[in-house]
Amino acid sequence: MDKLRITGGRPLEGAVRISGAKNAALPVMAATLLAPGVHTLRNVPRLRDTQTFARVLEILGAKIAVDGDLMTIDTQGVNAVEAPYDLVKTMRASIYVLAPLLARFGQSRVSLPGGCAWGPRPVNLHLAGLQAMGAKLEIEHGYIVGRGVKLKGASFGFDVVSVGATVQLMMAAVLAEGTTVLENVALEPDVTALGEVLLACGARIEGLGSRRLVIHGVAGLRPVDATIIPDRIEAATFAAAAAMTGGSIRLERVIPDHFEAALLKLEEAGCTVRRAADSVAVAGPARPRAVDVVTQPFPGFPTDMQAQMIAVCAVASGTSVIEDTIYLDRFTHVPELARLGANIELKGNVAVVKGVSRLSGAQVMATDLRASACLVIAALAAEGETVIDRIYHLDRGYEALETKLAALGATVQRVN
Ligand code: EPZ
C-alpha cells in the first residue's frame, strides 16, 4: 500500500498546472451513454476515479481509448445495462449511469452505492426524481432495477440541493418525452459544464446557471468533442498549501470564479491573491489568521475544501470555527491532524480549531479523498517528517500530486 513521506517546513514556490476536474469529468463520461457514437473528451484527469468510471462504461459495452488527457469513448456498441456492486462500491458516482441507461434502453440494473468513509450517502432524490418521470424502480438485492421505462417530462423540486441528483435528472430529461422543470438545482460549475456538453450534443435546456432548469426532451443526441473544465478543488487545495507554508505559487489553467469563495476565505486568513483570466497567484502570510467557515452549496464555501481549511486554521493565530452543513460527519481527518499536534475540538458538525504555532511530523492515515489532501498540506507545514498511509484515497482525485508538489519545492516521496 503506497505511502507519502513528506518533510515539512519549506515554503512552496513556483507555478503549477491544474488538471481537469474529476467532478466535471465523471458526469460528462456518463452522458456519453446518451448519444451512440464516438465522443472526444479533452483535459480529462488521469485519476483512479476516471479509470474506474471508464471500466464501468467498458462493462456496459463502450470502447475507450486514453492518450494523456485525451479520452475517446465509443458508445455505439453499448449493449448491457448493469453496473456491478464491486465497481459501484468503490465509487459512488457510478450511479450516474442509471438515468442514461433508462433513457436509452428503458431498463437498468445499478448497484446502490454504499456509504463512504464519513457516513451514509443517500440517493433518495435521484430515485424520487426518476420516479416522478415515470421510471418504475425496484430495489432488488442491493440493486436499483428499472424495467420497461419510458421517461416522461415532469416537474420536480429538490428539497436538498444535490449535485449528483441534479446531474442524474438532467440526463434523464434530455431524451424524455415532453418538458421537464427542475427546481432548486445545484449550481456547481460541474453541473453547468454538463449542461453545456448536453447542449453541444443537441439537447434543449433553458436556465443553465440558475436554480430552475427547463429541459425539452429531444428524439436523439449526437456525440460531442468537449474539454473538461479545470479542477477548482485541486486549485483551492494548492492555494491552501501556499497559505500554510508561507509560500508564493501561481495556479495555471484555472477559472478563478469557480473557487472564489475559497479564495476570499484565504484572503481573510491573510493571503495575497491576484486573479487573472486563467491563472491565480497566491502568496501565504508568515502565519495565517484564524477564520470562521460555514460550507454551503455553490457559490458558497465548498464542503470539499472543509478539511483543507481546517488544516490552514490548525496553524493560524487565534481560534477558528468551521461548520460543515452539507455532510454532518465529514471529520475523519480531525483525529489524524491531532496526531500532528493540532488542537481541534469537534462538536457535532462544528470543529473549533485553536491554532498552534507549529505542527510536528508524525505517522498518519488517510481516510478519504479530501482528508488525505488535508494531511498532505498539514505535513508540508509540519516540522520534520510525516508519513501518510493509505494514499490510494488521494489518487482518486489528485493527479500526480507528489510530482506537482515536488516541482514547487516540497520534499515529498511516494514509498510503498
Ligand atoms: C458531489 O457529491 C461531489 N462528488 C462531492 O465531492 C461533493 O462533496 C458533493 O457533491 C457536494 O458538493 C462528485 O461530484 C462526484 P450531493 P454528491 O448530492 O453529488 C444529500 C469529492 O471529494 N443528498 O450534492 O454525492 C447528501 O447527503 C466528492 O470530490 C440527499 O439527501 O453530493 C448531502 O448532504 C466528495 N439525497 C447533500 O445532499 C440524495 O439523493 C449534498 O450531496 C442526494 C444527496
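When reading the values below, keep in mind they use all heavy atoms of this one structure, side chains included, and skip hydrogens, waters and symmetry mates.
Between Val145 and Leu137, the closest side-chain pair of non-hydrogen atoms is not below 4.5 Å. Side-chain contact between Ile144 and Ile139 is present, with at least one heavy-atom pair separated by less than 4.5 Å. With a 4.5 Å cut-off on side-chain heavy atoms, Leu125 and Asp159 count as touching. Annotation: side chain of Ile228 is not in contact with side chain of Met71 (no heavy-atom distance under 4.5 Å). Between Glu183 and Phe156, the closest side-chain pair of non-hydrogen atoms is not below 4.5 Å. For the pair Val191 and Met170, the minimum side-chain heavy-atom distance is below 4.5 Å. Using a 4.5 Å heavy-atom cutoff, the side chains of Glu188 and Asn23 are not in contact.
One N or O on the side chain of Arg289 and one on the backbone of Glu268 form a donor-acceptor pair closer than 3.5 Å. For Thr50 (side chain) and Arg46 (main-chain N/O), no donor-acceptor pair under 3.5 Å exists by modelled atom type. Ser111 places no side-chain N or O within 3.5 Å of a backbone atom of Pro113 that could act as its donor or acceptor partner. Not one N or O on the side chain of Arg275 forms a donor-acceptor pair closer than 3.5 Å with the backbone of Val280. Side-chain atoms of Asp231 come within 3.5 Å of backbone atoms of Glu234 as a donor-acceptor pair (strictly under, hydrogens ignored). Under the 3.5 Å distance criterion, the side-chain polar atoms of Arg211 are matched with a main-chain donor or acceptor of Val185. Judged purely by atom type and a 3.5 angstrom limit, Glu336 uses its side chain to pair as donor or acceptor with the backbone of Met365. Counting only distance, with no hydrogens or angles, the side chain of His39 and the backbone of Thr32 share a donor-acceptor pair below 3.5 Å. Of the possible polar contacts, one joining the Gln168 side chain to the Ala99 backbone as a donor-acceptor pair under 3.5 Å is found. Ser360 contributes no side-chain N or O that, together with a main-chain N or O of Ala382, makes up a donor-acceptor pair within less than 3.5 Å.
The pair Arg17-Glu252 fails the salt-bridge criterion, with no side-chain N (NZ, NE, NH1 or NH2) lying under 4.0 Å from an Asp/Glu carboxylate O. With respect to the salt-bridge test (charged N to carboxylate O, under 4.0 angstrom), the residues Arg147 and Glu140 qualify. No salt bridge links Lys63 with Glu58; every basic N to acidic carboxylate O contact stays at or beyond 4.0 Å.
Taking CG from Leu199 and CD1 from Ile215, the interatomic distance works out to 9.0 Å, rounded to the nearest 0.5 Å. Between atom OG1 of residue Thr179 and atom NZ of residue Lys152 there is a gap of 14.0 Å, rounded to the nearest 0.5 Å. Lys22 contributes atom NZ, which lies 5.5 Å from atom CG of Leu369 (distance to the nearest 0.5 angstrom). The OG1 atom of Thr403 sits 11.0 Å away from the CG atom of Leu408 when rounded to the nearest 0.5 Å.
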>> Using the rule given for side-chain hydrogen bond (donor to acceptor under 3.5 Å, both in side chains), can you reason through Ser320 versus Lys354, listing the C-alpha separation, both sets of side-chain angles and the distance that settles it, and then say yes or no?
In response: CA-CA 6 Å; Ser320 307; Lys354 287 188 176 55; over 6 Å; no
> Between Thr7 and Thr411, is a side-chain hydrogen bond (donor to acceptor under 3.5 Å, both in side chains) present by the stated rule, with each step listed?
Replying inline: CA-CA 5 Å; Thr7 303; Thr411 305; 5.4 Å; no
> Run the side-chain hydrogen bond (donor to acceptor under 3.5 Å, both in side chains) check on Arg48 and Tyr398 step by step: do they pass?
Replying inline: CA-CA 9 Å; Arg48 277 167 62 96; Tyr398 288 92; over 6 Å; no
> Given the rule in the side-chain hydrogen bond (donor to acceptor under 3.5 Å, both in side chains) test, do Ser19 and Asp69 qualify, once you have shown the distances and angles that lead to the verdict?
Replying inline: CA-CA 9 Å; Ser19 299; Asp69 65 5; over 6 Å; no
>> For a salt bridge (Lys or Arg N to Asp or Glu O under 4.0 Å) check, start with the C-alpha distance between Arg414 and Asp395, then their side-chain angles and the critical distance, and finish with the verdict.
In response: CA-CA 12 Å; Arg414 181 180 286 253; Asp395 297 335; 2.7 Å; yes
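Taking the centre and axis of the six-membered ring of Phe259, the NZ or CZ atom of Arg232 falls outside the cone set by 45° and 6.0 Å.
Side-chain polar atoms of Gln306 and His333 form a donor-acceptor pair below 3.5 angstrom. In summary, the side chains of Asn349 and Thr325 do not present any donor paired with an acceptor at a separation below 3.5 Å, with no hydrogens or angles considered. In summary, the side chains of Thr303 and Asp324 do present a donor paired with an acceptor at a separation below 3.5 Å, with no hydrogens or angles considered.
Atom CZ of Arg358 is surrounded by more than 12 heavy atoms from other residues, nucleotides or ligands within 6.0 Å.
Taking the six-membered ring where tryptophan is involved, the planes of Tyr96 and Phe53 are tilted, since the angle between them lies from 30° to 60°.
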